[in-house]
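Encoded as structure tokens, the structure appears first; notes follow it.
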Protein chains: 2
Amino acid sequence: MKSNYNKIQEKFGENLRKIREEKDFSLRELSMKCEIDDSKISKIENGKFNIQLSTIIELAKGLGVSPKELLDFDF
Amino acid sequence: MKSNYNKIQEKFGENLRKIREEKDFSLRELSMKCEIDDSKISKIENGKFNIQLSTIIELAKGLGVSPKELLDFDF
DNA sequence: TGGATTGCGGTTATAAATGACCGCAATTTT
DNA sequence: AAAATTGCGGTCATTTATAACCGCAATCCA
């Protein structure tokens, strides 16, 4: 989408990784808790794409946090 | 996606509408503040689809709220 | 040092969001 | 009553996320 939108994807990814590491989950562990392929989670963490609401919800469920926590970073 | 995922889209939509009406914006007003067609916002409010992160960000920007406020409802 | 784990990049097909429109019925405003 | 606003549904082309895989280099660990 926007040229500068990648920045936001990257921040989202960093935040996701931070939360995952706090919980001490590996990509494969998290991938089993939500229904998302581990390679996809890796791509999301690296800001590779613009995920959908359903994916945010799934990730939050897998991590055991509230979805809004995944958006809790500076914009 | 999931069969019960529509529920979440609908809740997201309700929350979006609630915030928009609090701010007293019409669909067309909001559509000018973000870069989203008014008919699309209408569809989102009615839970018609699974929007992307970029769309959440745009809507939040247009509404002048934090993106996580758009996810501030019960799941 | 041999084996498992981990992060991650790539592939391909399919489904779905998006953008840019249009038009209209109902309500609101003048 | 006439004009404008509002919410909303629909179309169609294009882009993109997604699902379900595979394989590999690096790290971990027994």
Side-chain angles (χ1 to χ4, degrees), chain A residues 1-65 67 70-71 73 75, chain B residues 1-65 67 70-71 73 75:
Chain A
M1 193 207 191
K2 307 281 164 300
S3 46
N4 65 331
Y5 183 65
N6 289 337
K7 285 263 164 54
I8 291 172
Q9 285 178 196
E10 282 165 22
K11 284 190 177 189
F12 180 91
E14 283 167 25
N15 191 39
L16 170 60
R17 172 172 289 136
K18 179 178 138 286
I19 296 173
R20 178 176 62 83
E21 290 179 345
E22 275 167 16
K23 305 271 174 177
D24 243 315
F25 294 156
S26 72
L27 290 177
R28 281 177 175 75
E29 276 178 302
L30 178 55
S31 94
M32 283 182 296
K33 288 171 190 292
C34 35
E35 320 223 317
I36 304 179
D37 190 271
D38 65 282
S39 83
K40 182 179 170 182
I41 301 175
S42 165
K43 288 161 195 155
I44 295 170
E45 287 188 353
N46 288 302
K48 298 278 165 46
F49 43 59
N50 188 10
I51 61 177
Q52 291 178 297
L53 180 55
S54 57
T55 306
I56 298 176
I57 307 303
E58 276 302 305
L59 288 170
K61 198 186 304 176
L63 289 165
V65 300
L70 287 172
L71 294 191
F73 54 90
F75 284 89
Chain B
M1 194 204 192
K2 307 283 165 298
S3 46
N4 65 331
Y5 183 67
N6 289 337
K7 286 262 164 55
I8 291 173
Q9 286 178 197
E10 282 165 20
K11 285 191 175 190
F12 180 91
E14 283 168 24
N15 191 40
L16 169 61
R17 172 173 289 135
K18 179 178 140 284
I19 297 173
R20 177 177 63 81
E21 290 180 344
E22 274 168 15
K23 305 269 174 180
D24 243 314
F25 294 156
S26 72
L27 290 178
R28 280 177 176 73
E29 277 177 303
L30 178 54
S31 92
M32 284 183 297
K33 289 170 189 293
C34 35
E35 322 222 317
I36 303 180
D37 189 272
D38 65 282
S39 83
K40 182 179 169 181
I41 301 175
S42 165
K43 288 161 195 156
I44 295 170
E45 287 187 352
N46 289 302
K48 297 277 165 46
F49 42 60
N50 187 7
I51 61 178
Q52 291 177 300
L53 180 55
S54 57
T55 305
I56 298 175
I57 308 302
E58 277 303 304
L59 289 170
K61 199 188 303 177
L63 288 165
V65 301
L70 287 172
L71 293 190
F73 53 90
F75 284 88

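Proteins come first, then strands; the chains are lettered A, B, ... in the order of their sequence lines, and each starts at number 1.
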Expressed in angstrom and rounded to an integer, what is the separation of [X] atom [atom1] from [N] atom [atom2]?
X       : N      : atom1 : atom2 : answer
A/Arg20 : C/dG7  : CZ    : P     : 5 Å
B/Glu29 : D/dA4  : CD    : P     : 17 Å
A/Ile56 : C/dA17 : CD1   : P     : 14 Å
A/Arg28 : C/dA4  : CZ    : P     : 14 Å
B/Lys48 : D/dG7  : NZ    : C1'   : 11 Å
B/Ile44 : D/dC8  : CD1   : P     : 12 Å
B/Ile41 : C/dT18 : CD1   : C1'   : 13 Å
B/Phe49 : D/dG9  : CZ    : C1'   : 12 Å

With respect to the phosphate group of [N], does any side-chain polar atom (N or O) of [X] fall under 4.0 Å of OP1 or OP2?
X       : N      : answer
B/Ser42 : D/dG7  : no
B/Arg17 : D/dT6  : no
A/Lys40 : D/dA19 : yes
B/Thr55 : C/dT18 : yes
B/Gln52 : D/dT16 : no
B/Lys43 : D/dC8  : no

From B/Lys61 atom NZ to B/Leu63 atom CG, the distance as rounded to the nearest 0.5 Å: 12.0 Å

What is the distance from atom CD1 of A/Ile36 to atom OG1 of A/Thr55, rounded to the nearest 0.5 Å? 5.5 Å

Just do the salt bridge (charged side-chain N to carboxylate O under 4.0 Å, His left out) check on A/Arg20 and A/Glu45 with the steps written out, would you? CA-CA 10 Å; A/Arg20 178 176 62 83; A/Glu45 287 188 353; 2.6 Å; yes

Residue [X], side-chain atoms from C-beta onward, closest of [options]:
X       : options               : value
B/Ser26 : D/dA17, C/dC21, D/dG7 : D/dG7
A/Asn46 : D/dT18, D/dA20, C/dC8 : C/dC8
B/Leu27 : C/dG7, C/dC21, D/dG7  : D/dG7

Any donor-acceptor pair, under 3.5 Å, between the side chain of B/Asp38 and the base of D/dC8, if you only look at N and O atoms? yes

Would you say the base of D/dC21 and the side-chain of A/Ser39 have a donor-acceptor pair closer than 3.5 Å? yes

If you assign B/Phe25 and A/Gln9 each to the DNA chain D nucleotide with the nearest heavy atom, which residue ends up on the more 5' nucleotide? B/Phe25

A/Ile56 to A/Pro67 - nearest heavy-atom pair and separation: CG2-O, 4.3 Å

Heavy-atom nearest pair, A/Gln9 first then A/Gly47, reads NE2-O, 2.8 Å

Expected output: side-chain A/Asp37 to main-chain A/Ser39 donor-acceptor under 3.5 Å: yes

Across the strands shown, which category fits B/Ile51 at heavy-atom distances under 4.0 angstrom: base, sugar-phosphate, nothing? sugar-phosphate

On DNA chain C, nearest-nucleotide positions of B/Asp37 versus A/Asp37: which is more 5'? A/Asp37

